[in-house]
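Heads up: the structure comes next, in structure tokens.
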Amino acid sequence: MDTLLRHWNMLRFIPRYPRKISVADIADQLEAAGYSTTKRTIQRDLDKLSLEFPLLTDGNKPSGWSWQAQADI
């Protein structure tokens, strides 16, 4: 259940394109919400979530994440 709630919070933190958020910023926001996790876990989660949700990464290092511009969120 904690994982599901953490994922739900992560999805809430992600802005619509062209704005973006870094994994480090997501980690900070999760920490503030009471979820302690690693940046690598967040990156893996985002990779998996992007298979099911219209999420984009800019491919930079560090990566910036956003919802697709036309995403119905």
Distance (rounded to the nearest 0.5 Å) between Leu11 CG and Leu46 CG: 8.0 Å
Heavy-atom side-chain contact between Ile14 and Leu55 under 4.5 Å: yes
Tyr35 atom OH, over 12 foreign heavy atoms within 6.0 Å: yes
All pairs passing salt bridge (charged side-chain N to carboxylate O under 4.0 Å, His left out) where residues 32-52 contributes a residue, at least two apart: Arg6-Asp45
Rounded distance [0.5 Å steps], OG1 in Thr57 versus CD in Gln43: 6.5 Å
Contact list for residues 63-73, test side chain to side chain donor-acceptor pair (under 3.5 Å), sequence neighbours left out: none
Straight-line distance of Arg12 CZ to Ile26 CD1, nearest 0.5 Å: 12.5 Å
ILVMFWY network linking Phe53 to Tyr17, side-chain heavy atoms under 4.5 angstrom: no
Gap between atom OG1 of Thr38 and atom CG of Leu30 - 0.5 Å precision: 10.5 Å
Check: Asp25 and Phe13 side chains under 4.5 Å, non-hydrogen atoms: no
Common cluster, Leu4/Met10, ILVMFWY with side-chain heavy-atom separation under 4.5 Å: yes
By salt bridge (charged side-chain N to carboxylate O under 4.0 Å, His left out) - contacts of Asp58 (at least two apart): Lys20
